[in-house]
Amino acid sequence: MKRFLLKSLLLFATIFVCDYVIGTALQQMFFANNSGAPGYVLNHIAEKQYDAYVMGASGAQRGYVPAVFEQELGLSVFNTGEAGTNIFHNYAALQLILQHSKPKLIIWDITNADYYYRHDASKTGMITPYHHNRRIRQLLYDIQPLNKLWLLSRIYPYNHKVLSIVGTYIFKPQPGVAGDKGYHALNEVVNPSTLRNPMGQFYEEQQSASKRSPEMAAKDMLIRKYFFAFIELCRVNNIRLVAFHCPKAPLNELLASTPLLSEELVLQLEQHHIPLYSIMPNTYPEMRDLNLYYDFSHLNHSGATVYSSIIAKHLQSELQDAR
Amino acid sequence: MSLVSVVYLVFLAAVALLNYIAPHKWRIYILLLACGVFYSLNQGMYLLILILSISVNYGICLLWSNRRAKVWMYLSLVFNISLLGFFKYIPAILGLGHSFDGTLLQRMVIPIGLSFFSFQAMGYMIDLYWSNKKEIASFPDYALFMSFFPQLLAGPIARGKSFLPQIQQVKRFEYDNVVAGLRRILWGIFKKVVIAGNLSPYTDAVFQNPQMHQGVTLAIAAFAYTIQIYMDFSGYSDIAIGSAKVLGFNLMENFRIPLFARSVTDFWRRWHISLSSWVRDYVFVPLQYQTRRMGMTGTILATLVTFLIFGVWHGANWTLVIFGLMQGVAISWETISSRYRDKVWSFLPVWLGNAIANILVFVFITVSAIFLRAASLWEAVTMFSRFSLDCSAIYLGSKQLLIFALLGMAVVLAVDIRKGEMLFSTYLEMQKPVIRWAFYILSILSILLIGSISSENFIYFQF
């Protein structure tokens, strides 16, 4: 037993040293990139100041064009959207922004995933490198209590990022990889025949908000804790928060007229006095054209430009009201 | 509690410590308590199903008498098959999807490990019947045999005659045993999180939307799935066998380098050995005996029925019936054509013959595994109908994840080639200390650096 314990201790000590050395090197290389490329968006906004930020997941990243907002609103805008993220990412992004400035406006691309827990909600790869921020660390512990243990490792925050970190560090990113201030244009047009059961997806999404298993309902509480914390953070810092809901490809009348937002979520926004604009193709005929869509739930570049102009008009009136 | 979580490792360490410091007579109760806690943490109230299965099966053992042995054996088979049918097959046959607010049948989920512990119980009963003896294990021994936590969730399916005698052996902390067990666990976690976990997002993306992909993408996804399921299940088996070893128990090996099989028959002697040997001993051999007068036809009939049962064991879905039958047909063909095939192989150099045979078997298993993975016949048919050599739009998902998985796969293949049929821990024991230490350190660092630590569920838990 003694021999076993001694060798175990020696192994742990060796692992600790290797972890420290490799983790420190990865940390240096990761934070050296503040271009705003996907995966490094938070690095960028932790350093650079803008008047307004777009927040959300892939719908935000591909549907909101900062250049359009800058032209129409006269504000500097950065798109912090990252595919596969939710309110946790928005909350972390806002914490990093508030370290250096108070923006005037947040353009929030909202979906049910910001209010209801989904199976991939606990993926925290985008946020873990920022665990040194006290509030972000608490968020990581709330999402996965075992992070208290994992984050003792210096390597773990860069889990799965090693190739991109080292690659980006050695071969500096080409101009344009970071997109247009965080916005990433998609150029193809949806082919409806390749969409698998879009109505099935639609109904599944609609029902997922109304039918919650007891386990999911318990996990919803965590999402909501940060949903309300995000709203509160904007309120106390006097940041104008305006929510938008992006349309799905209008393959039929139902899809063209029904937003995929739960009634409860809409009610919560109302109660917190957050304006919500559901840009549905039946009320915005310019969004009816299928050539504006990349797939069932994303706009292509033409669509994003049209959509961003519509949003900019709403934002103009919102900002005027605020004045 | 996932077997690839820190919680499990802490749990195992605590149980192992208690197991070695407690007086011998208490150990079985400590292990039984640990099994109960482990199952409850995984599936709460479904522990009652496990307790019911143990109690009823043991009750039948107690009522066992040599005069009516056959009746009791059949009663046990009927009970276990009914239990499987009730949870696994009836809801699927009636087309009742799982729903938390539906009827009782819809609210039920399949108790984890049901297929495994039910087969263990049936195997024990059949052994008892065949041995014609009335030597029944004590209730605590039998309960531990049925619920031993390292193999409770997905095997290896233990046999009473090899497991039960180990329970009463006095267990002392043995450095070599514990270290061998921990090496197996580390190797299993590496396979699961570095290879299977990194392949999973890619195979999920393609198999869930086969109509979105075409050509070579579907072939790559099919091959990736075969590797994924091998690494997932053999990784799980390594963790299970390693955990048992840490506690002083030896479980049956479940894999023996299946990618080097020279025929489908050979493959099933190397893949999921505990199940394939179970169906061989308790289904195929009795069936072959019953049909012995029919000669080759009888053997083929027995093979087909055995593999049909083998397929259905995985679940109530037509895809799984086809998966089983494909294996049965291939093995029957190999049985019929063995003489001619041997002649053909004899014309080729041994190394070339082996390489061709390995590739053919791998391709066959990959094709049949599409039925194992596809959620419906429609999905499987869509996959096959879109196969082509079109390389114009290959989808690879996250290339980083694929590179990590390929790196891990290269390590596992290199080790498999070097160690041959030797056990992994024995092979590592033979290496110089510096190589052993490099293995420990690099495995742990790669798990932290490139492992999919959040991938907790194993594919075989669904069966």
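Sequence lines set the chain letters: A, B, ... in the order given, protein chains first and strands last, and positions in each chain run from 1.
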Practice task
Measure from the side-chain N and O atoms of Asn159(A) to the backbone N and O of Ser452(B), and report whether any donor-acceptor pair falls under 3.5 Å.
Solution key: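 Not a single qualifying donor-acceptor pair exists.
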Handout entry: Atom group of Leu182(B) that falls short of 4.5 Å from chain A, counting heavy atoms
Key =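 Answer is side chain: those atoms of Leu182(B) sit under 4.5 Å from chain A.
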Practice task
Let me know if Ser8(A) has heavy atoms under 4.5 Å from chain B in its side chain, its backbone, both or neither.
Solution key: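 Contact with chain B: none, neither part.
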Practice task
Side chain from CB out, backbone as N, CA, C, O: work out which of these in Tyr158(A) comes under 4.5 Å of a heavy atom of chain B, or both, or neither.
Solution key: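 Only the backbone of Tyr158(A) comes within 4.5 Å of chain B.
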Are more than 12 heavy atoms, taken from residues, nucleotides or ligands other than [X], located less than 6.0 Å from that residue's [atom1] atom?
X: Lys161(A); atom1: NZ; value: yes
X: Tyr141(A); atom1: OH; value: yes
X: Tyr20(A); atom1: OH; value: no
X: Phe16(A); atom1: CZ; value: no

Looking only at heavy atoms, which two atoms of [X] and [Y] are closest? And how far apart?
X: Trp437(B); Y: Lys7(A); value: CH2-O, 3.6 Å
X: Gln400(B); Y: Val162(A); value: OE1-N, 4.4 Å
X: Ile450(B); Y: His160(A); value: O-NE2, 3.0 Å

Exercise for the section: Might you work through the side chain to side chain contact (heavy atoms under 4.5 Å, CB included) test for Thr14(A) and Tyr440(B), ending with a clear yes or no? Expected result: CA-CA 10 Å; Thr14(A) 317; Tyr440(B) 304 143; over 6 Å; no
Handout entry: Most chain B-contacting option - heavy-atom pairs closer than 4.5 Å, from Leu10(A), Ile22(A), Leu149(A)
Key =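 Highest number of heavy-atom pairs under 4.5 Å: Leu10(A).
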Practice task
First locate atom CG of Leu449(B), then atom OG of Ser153(A), and finally report the distance between them rounded to the nearest 0.5 Å.
Solution key: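 OG of Ser153(A) is found 9.0 Å from CG of Leu449(B).
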Practice task
To the nearest 0.5 Å, tell me how far Ile444(B) CD1 sits from Ile15(A) CD1.
Solution key: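 These two atoms lie 4.0 Å from each other.
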Handout entry: Any side-chain heavy-atom pair of Val7(B) and Leu146(A) under 4.5 Å
Key =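 Heavy-atom side-chain distance check passes, below 4.5 Å.
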